Every structure is written in C-alpha cells, then in structure tokens.
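To start, the structure under review is shown below, and the notes come after it.
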Amino acid sequence: MKKVEYIIVGQGVAGSCMAMKLLQENKSFVVIDNHFHKASAIAAGIFNPVVLKRFSIVWNATKQIQRLQEVFGQFEKLLNKKYIYNFPVYRIFNDEQEKKTWIKKATTHPDLIDYLSTETEQLNSYSSIKNPIGSGEVLHTGRVDLTNLLIDFKNYLVEKNSFIDETFDFSELKLDDNQAIYKNIEADKIIFAEGFNILNNPYFKNLPVIGVKGEVLKIETNAKLPEAVVKGKEFLMPLGENQYFVGATYDRDNVNYENTEEAKQYLIDGVQNFFEDNFEVVEQHASIRPTVVDRRPIIGAHPTYQQLICLNGMGTRGTMLAPVMVDDLYNFLENQQPIDKEANIERFYDKF
Ligand SMILES: Cc1cc2nc3c(=O)[nH]c(=O)nc-3n(C[C@H](O)[C@H](O)[C@H](O)COP(=O)(O)OP(=O)(O)OC[C@H]3O[C@@H](n4cnc5c(N)ncnc54)[C@H](O)[C@@H]3O)c2cc1C
C-alpha cells in the first residue's frame, strides 16, 4: 500500500495550484486526472481585476492579483518556462456616457484608482481597430498561458511518479474514520478539483454548481495589433506569431463540449464589430465553466466525511481565484484556520 497525505482529483488550474502548494510545503501527494475537457486548458487565462460590463472591482481583486503573480511565478521557476504575460486590457467605449463614467471612476473610486487609467487614446494608432470614442485601459492585467503550463506540469508530475492518468473510480474508494483508501493508495485527504464534473461526484453532486459553456476561436491575421487584450463586443488577445485568441461565448442552456457553427459565427461577428481587417479562423474550442449560484468558489470538507475535500466553483475566473483559494484551503487543512465565509462549503451544507 502506498501512503500519501493527499490525493488530488483533477489537474486543471485549481488542482495544479493545489499540487504546487503541496510541493512548496513538502507534503506527499498524487494527482489523478483523465484529461476530460478541462476548462483550464482552453481558457484564455486572462487576469483582470475589473468587471468590464459595469466597471466595478472583482471580489478580493488586489489579494488575488498579487498572489497569482507569486504562484504562477513558482511554476515558471519549477518548469523553467515563461507563463505569465503582463499586458493591459483596453475596453472600447460604446458611447460618451461610458467614457465619462470610466474617467470618473478612474479618478475618484477608491477601489478602482489603482486599476483604471485615465488615458483613453492608446488604440488610435491601430488603423484596423474601430475606436471612435476611445478606450479605457485596465492596469495590472495580463494572461497566464494555462494551456502550456498544465501540459508541462503534468509531465513534471509524471516524472516524479506523482500522476495517475485515469478516471477516479468511486467504487474503489473506502472511507474509514480518518482516512481514505483508493485502490492501493492510503491518503489522509482527497481533494476533489474536478471542475464542472463535480456534478458526477457522488459525494458532492448536490452542490449548486452551474455549467456555463464557453467557446473560443484562435485566429491568424497580419494586421498590426497592440500587445494587449482589446475588448469590444468580444475580445482579441495576442498569442504570438500573428495568432490571436477570440472569446468567449456564455451559454447556460446547451451545456456540452461540442464546437458549434453558431458560436463560431457569433464570435466572428463580435470581433468584426471593432476589428476591420482580414483574418482566418484556425482553431475552435469548447468547454464548461464551473460557476456557482452566488458567484463564489466552494471550498472545504464534506459535512459527513471530513477526509473528502471540495475545491471548486472557480467560475469565469480560475486564473485569479485558484491561487488564493488554495491558500485558504491549505490553511484550513493544515493549520485549522477558518475558510473565508463567502467561499466556505458550509453555506451549502443543507444540500447534503
Ligand atoms: C471558453 C472559456 C474561456 C475562459 N477564459 C478564462 C480566462 O480568460 N480567465 C480565467 O480566469 N478563467 C477563464 N475561464 C474559466 C476557467 O477556465 C475556469 O475557472 C477554470 O478552468 C476552472 O478550473 P478547474 O481546475 O476548477 O476545472 P477544470 O479546468 O475543468 O479541471 C478539472 C479537471 O478535473 C478532471 N476530472 C474531473 N473529474 C475527474 C474524475 N472523476 N477523475 C479524473 N479526473 C477528473 C478533468 O479531466 C479536468 O482535467 C474560461 C473558461 C472557458 C470555458
């Protein structure tokens, strides 16, 4: 029998940040993952502390932005590769009123002063971008290349004999008072970081996780574009070598993993709304975001089986949320610290 302190089920951004934390803390663990449509692998990986619809601050943004730089920096160091790309987000204004609201918030709103620039003409030198009223610049933003990070980290874990490539089989799980035994592995705790697939987990399936399907495109163009996210009706994000990411759709009704022509056309129309140059679609991807009724993550222990742990509900912002949620969860598990009550699974104990 192999003994570990933790089994992590799921190697998306949540499970990977958890594994990184355990590595840093010298805890023993194995990761189990079946690579079934992980949302993290197709996500843009954008981090942005400002809600671009309402120009409001994201929940706990400052802490999240700071911590994500540290944690994804640890991945860069461990795997000896660059994954963090710091660049601005430009939000194209729809009308004069939006511009006025932006400037007002950028100069007077205590939560936003650090994040909104009052410069509104940065896109004017790009002839392919329609930007008649200007655009607001969000600061401290960028992208984590989750697609490559997850592949490289998996290879690292395989090399360290800490990765099992399979679907977690619940019929092989035995629970006693303090432990969990899975096949030939004895673990103190099992952390389920399964993304939307948590709804197929017999222990956590009643959690109010709501799938929101997202589709994205990768396009190629020779147009001159800024090293920044440009957000009009949809967003364009540079990937290097004339390739750009276009995203994303939000669909609560057709929750599946299929690429659709409708979404492709919707994204093309959305980007053509502000981008006037030729491009070719080279890839399309779909996955499902694990969102939660009250828009907060769900972390903590199962009410009956305290050795079963939930790390879920990263919603539309896994890049920013995962590092801090992992810290909170680790402090709860190892140092008996309370979990942030807005993210604590206890708020849903009545569902079990
Ligand atoms: C189109 C799109 C664009 C997005 N863009 C952004 C963005 O720009 N910025 C941002 O922050 N967020 C973005 N998101 C949201 C982000 O992707 C999610 O918040 C995040 O990926 C959730 O991570 P996770 O680790 O919880 O789940 P996932 O990434 O889905 O990972 C779960 C993993 O668990 C594995 N798994 C599940 N069940 C089992 C089982 N029983 N046995 C074995 N393995 C299992 C799966 O195979 C998968 O690998 C986007 C999402 C989508 C769909």
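Whatever order the structure lists ligands and atoms in, that order sets their numbers, starting from 1. These numbers come from the heavy atoms of this one structure, side chains and all, not from hydrogens, waters or symmetry mates. Worth saying up front: this structure is predicted, and the values here are computed from it rather than measured.
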With only distance considered, is [X] within less than 3.5 Å of ligand 1 through an N or O on each side?
X	value
A39	yes
F196	no
S287	no
V13	yes

Should you measure from each heavy atom of [X], which atoms of ligand 1 turn up under 4.0 Å away?
X	answer
T167	42 (N), 43 (C)
F36	46 (C), 47 (O)
A193	32 (C), 33 (C), 34 (O)
G214	1 (C)
F168	40 (C), 41 (N), 42 (N), 43 (C)
A14	25 (O), 26 (O)

Review point. Counting N and O atoms only, with roles assigned by atom type, does the side chain of Q307 sit under 3.5 Å from a partner on the main chain of D176, one being a donor and the other an acceptor?
Key: yes

Check your understanding: Does T167 reach the main-chain N or O of N34 with its side chain, forming a donor-acceptor pair under 3.5 Å?
Key -> no

Quick one: does ligand 1 sit under 4.0 Å from the side chain of [X], the backbone, both or neither, non-hydrogen atoms only?
X	result
S16	neither
N197	side chain
H285	neither
V216	side chain
R143	neither
N312	neither

Before accepting this row, confirm whether a basic side-chain N of the pair [X]/[Y] lies closer than 4.0 Å to the acidic partner's carboxylate O.
X	Y	value
K21	D327	yes
E137	R91	no
E166	K183	yes

Checking a contact table here: which protein heavy atom is nearest [atom], and how many Å away?
atom	answer
atom 18 (C) of ligand 1	G315 O, 3.4 Å
atom 23 (O) of ligand 1	S40 OG, 3.2 Å
atom 31 (O) of ligand 1	G12 CA, 3.4 Å
atom 34 (O) of ligand 1	G10 CA, 3.1 Å
atom 17 (O) of ligand 1	A43 CB, 3.4 Å
atom 5 (N) of ligand 1	A44 N, 3.4 Å
atom 35 (C) of ligand 1	D33 OD2, 3.3 Å
atom 9 (N) of ligand 1	I46 O, 3.0 Å

Can you establish whether the number of heavy atoms outside [X] located under 6.0 Å from its atom [atom1] is more than 12?
X	atom1	result
Y305	OH	no
K100	NZ	no
N80	CG	no
Y257	OH	yes

**Study point:** Derivation of the side chain to side chain contact (heavy atoms under 4.5 Å, CB included) call for L150 and S16
**Key:** CA-CA 7 Å; L150 295 178; S16 294; 3.3 Å; yes

Point to revise | Shortest reach to atom 47 (O) of ligand 1 by a heavy atom, considering only N34, V212, I42 | key: N34

Check your understanding: Out of E166, H35, R317, E194, who gets a non-hydrogen atom closest to atom 43 (C) of ligand 1?
Key -> E166

Practice item. Would you kindly say whether S171 and D169 are connected by a side-chain donor-acceptor distance under 3.5 Å? Key: yes

Practice item. Could you tell me whether the side chains of N86 and Q69 share a donor-acceptor contact shorter than 3.5 Å? Key: yes

Review point. How are the rings of F245 and F235 set relative to one another: parallel (under 30°), tilted (30 to 60°) or perpendicular (over 60°)?
Key: parallel

Exercise for review: Mark yes or no: R296 above the aromatic ring of W59, with NZ or CZ under 6.0 Å from the six-membered ring centre and no more than 45 degrees from the axis.
Suggested key: yes

Practice item. Decide ring-ring contact (aromatic ring centres under 6.0 Å, His included) for F192 and F170; before the verdict, give the C-alpha distance in whole Å, the side-chain angles of both, and the deciding distance to 0.1 Å. Key: CA-CA 12 Å; F192 291 99; F170 286 91; 5.7 Å; yes

